[in-house]
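A quick write-up on the structure given underneath.
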There are 2 protein chains.
Amino acid sequence: MAKRVSLWNAGCPVARALDVIGDWWSLLIIRDAFDGVRRFNEFQAGLGIAKGMLATRLRGLVGKGVLDTAPASDGSAYREYVLTEKGRGLFLVIVALRQWGEDYLYRPGERRSSLVEARTDVPVGKLKLRSAKGRPLEWSDTRVTRC
Amino acid sequence: MAKRVSLWNAGCPVARALDVIGDWWSLLIIRDAFDGVRRFNEFQAGLGIAKGMLATRLRGLVGKGVLDTAPASDGSAYREYVLTEKGRGLFLVIVALRQWGEDYLYRPGERRSSLVEARTDVPVGKLKLRSAKGRPLEWSDTRVTRC
DNA sequence: CAGTATCCCCCCTGATACTG
DNA sequence: CAGTATCAGGGGGGATACTG
């Protein structure tokens, strides 16, 4: 979001990514978009966000190329908000957040949604970092180059 | 961060994760921690964050079990902030953000840091979602179960 | 339904000064 | 160096009313 201080010019892709979707609501809106939400009121009801804030956030995400507007699929006069390819690129960010939440933020037995293969309803596997050649990598096997 | 409205009780691990690290500064602090930053002033100088905010954020992250304090490794009287196992679990979130930033937020030729294998300096591979059996999965192959 | 327009409060955030 | 304290501002964010 346009904060007072923008990290856009940093040479760090993490900072630049957070500059775009690092505010409180954006990732939740995007999560809902991945779950099939398309209409203003659906977002509003699902998130409990104020309408004004939602309008601002949707406008911002469209402006940043994460969402796009499309004519309503049901023929009504209103537009819908759909993920662009850039927006769909955030899928793994959402998945990573989800898997971290599942691993560290729930106690056994607590009800929660889960990400499954659509055809079989089998939970998806855990994300894993690998080398360019496919060997599993831990954090300690990596470093960040100075830019 | 503790906002007015907490999503903690949602049955969605994504929402619960964002409730913990979804504010502007936390992920940047955590990114720096992954890059080896441990001291108050290092964080402060590197992030350009106000000291008061930094103190609040560090306290919050320690309280949430993402960071822990440890005696200074150089023998000085001050403590250091280090990632807990829970905090280290956020590695893939940072990596996912980084890879998205690299893919969609930089033009060819722009300087940026990059994540490489420490031993060889070869860039790591791209994260990929796979089924429980290891088959590559796209977003469209998945769905989120109602909780 | 899909927003826009206002009002208002509080907290984030920055700046500065102070302490061990 | 590693914070705490205090002050001041600006905008994030909620609530409500209004419009096409």
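Lettering of chains follows the sequences in order, A, B, ..., and the numbering in each one begins at 1. Note: hydrogens, waters and symmetry copies are ignored here, and every other heavy atom, side chains too, is used.
- At least one side-chain nitrogen or oxygen of R59(B) sits closer than 4.0 Å to the OP1 or OP2 atom of dT4(D).
- For E110(A) and R16(B), the salt-bridge test passes: some basic side-chain N is under 4.0 Å from an acidic carboxylate O.
- No single ILVMFWY cluster, assembled from side-chain heavy atoms under 4.5 Å apart, contains both V82(A) and L47(A).
- The shortest distance between side-chain heavy atoms of S26(A) and L61(A) falls below 4.5 Å.
- In this structure, M53(B) atom CE and dC7(D) atom P are separated by 19 Å, rounded to whole Å.
- Nucleic acid contact for Y81(B): sugar-phosphate only, since backbone atoms but no base atoms lie under 4.0 Å from a heavy atom of the residue.
- Interatomic distance, I21(A) CD1 to W100(B) CH2, rounded to the nearest 0.5 Å: 5.5 Å.
- Rounding to whole angstrom units, CG of residue D23(A) and P of dC11(C) are separated by 19 Å.
- Phosphate contact (OP1/OP2 of dG3(C), side-chain N/O of R79(A), threshold under 4.0 Å): present.
- Atom CG in L54(B) sits about 15 Å away from atom C1' in dA15(C), given to the nearest Å.
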Any protein N or O atoms within reach of nucleotides 16-20 of chain D? Criterion: under 3.5 Å, listing atom names and distances.
{"unit_1": "dG20(D)", "atom_1": "N2", "unit_2": "Y78(A)", "atom_2": "OH", "d": "2.6"}

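- Computed from coordinates, the L47(A) CG to dG3(C) P distance equals 15 Å when rounded to whole Å.
- Under the 30°/60° scheme for interplanar angles, the aromatic rings of W139(A) and F91(B) are found to be tilted.
- Of the options V95(B), I94(B), D35(B), L115(B), a side-chain contact (heavy atoms from CB on, under 4.5 Å) to V14(A) is made by I94(B) and by none of the others.
- With dA2(D), dG13(D), dG3(C) as the choices, the nucleotide that has an atom nearest any side-chain atom of W24(A) turns out to be dG13(D).
- We find that CD of Q44(B) is positioned 13 Å from P of dT4(D), with the value rounded to whole Å.
- If you check every strand for non-hydrogen atoms under 4.0 Å, A55(B) touches sugar and phosphate atoms only.
- Regarding contacts with the backbone of dT13(C), a side-chain N or O of R57(B) is found under 4.0 angstrom from either OP1 or OP2.
- For the pair R38(B) CZ and dA2(D) C1', the computed distance is 16 Å after rounding to whole Å.
- In terms of the side-chain hydrogen bond (donor to acceptor under 3.5 Å, both in side chains) criterion, residue partners of R98(A) (sequence neighbours excluded) are, by chain and number, S113(A).
- Atom OG1 of T69(A) sits about 7.0 Å away from atom OH of Y81(A), to the nearest 0.5 Å.
- We find that R135(B) and D141(B) are not joined by a salt bridge, their nearest charged nitrogen and carboxylate oxygen being 4.0 Å or further apart.
- Ionic pairing of R143(A) and D121(B) is present here: one or more N-O contacts between side-chain nitrogen and carboxylate oxygen are shorter than 4.0 angstrom.
- Listed by first residue number, the stems of DNA chain D with at least three Watson-Crick or G-U pairs below 3.5 Å are C:1-20 with D:1-20.
- Here dC1(D) presents its P atom at 12 Å from CG of D74(B), a figure rounded to the nearest Å.
- Following rounding to the nearest Å, I49(B) (CD1) and dC11(C) (P) show an atom-to-atom distance of 18 Å.
- Closest approach to the R39(A) side chain among dA2(C), dG3(D), dC1(D) is made by dA2(C) (side chain taken as heavy atoms from C-beta onward).
- At least one side-chain nitrogen or oxygen of W25(B) sits closer than 4.0 Å to the OP1 or OP2 atom of dT13(C).
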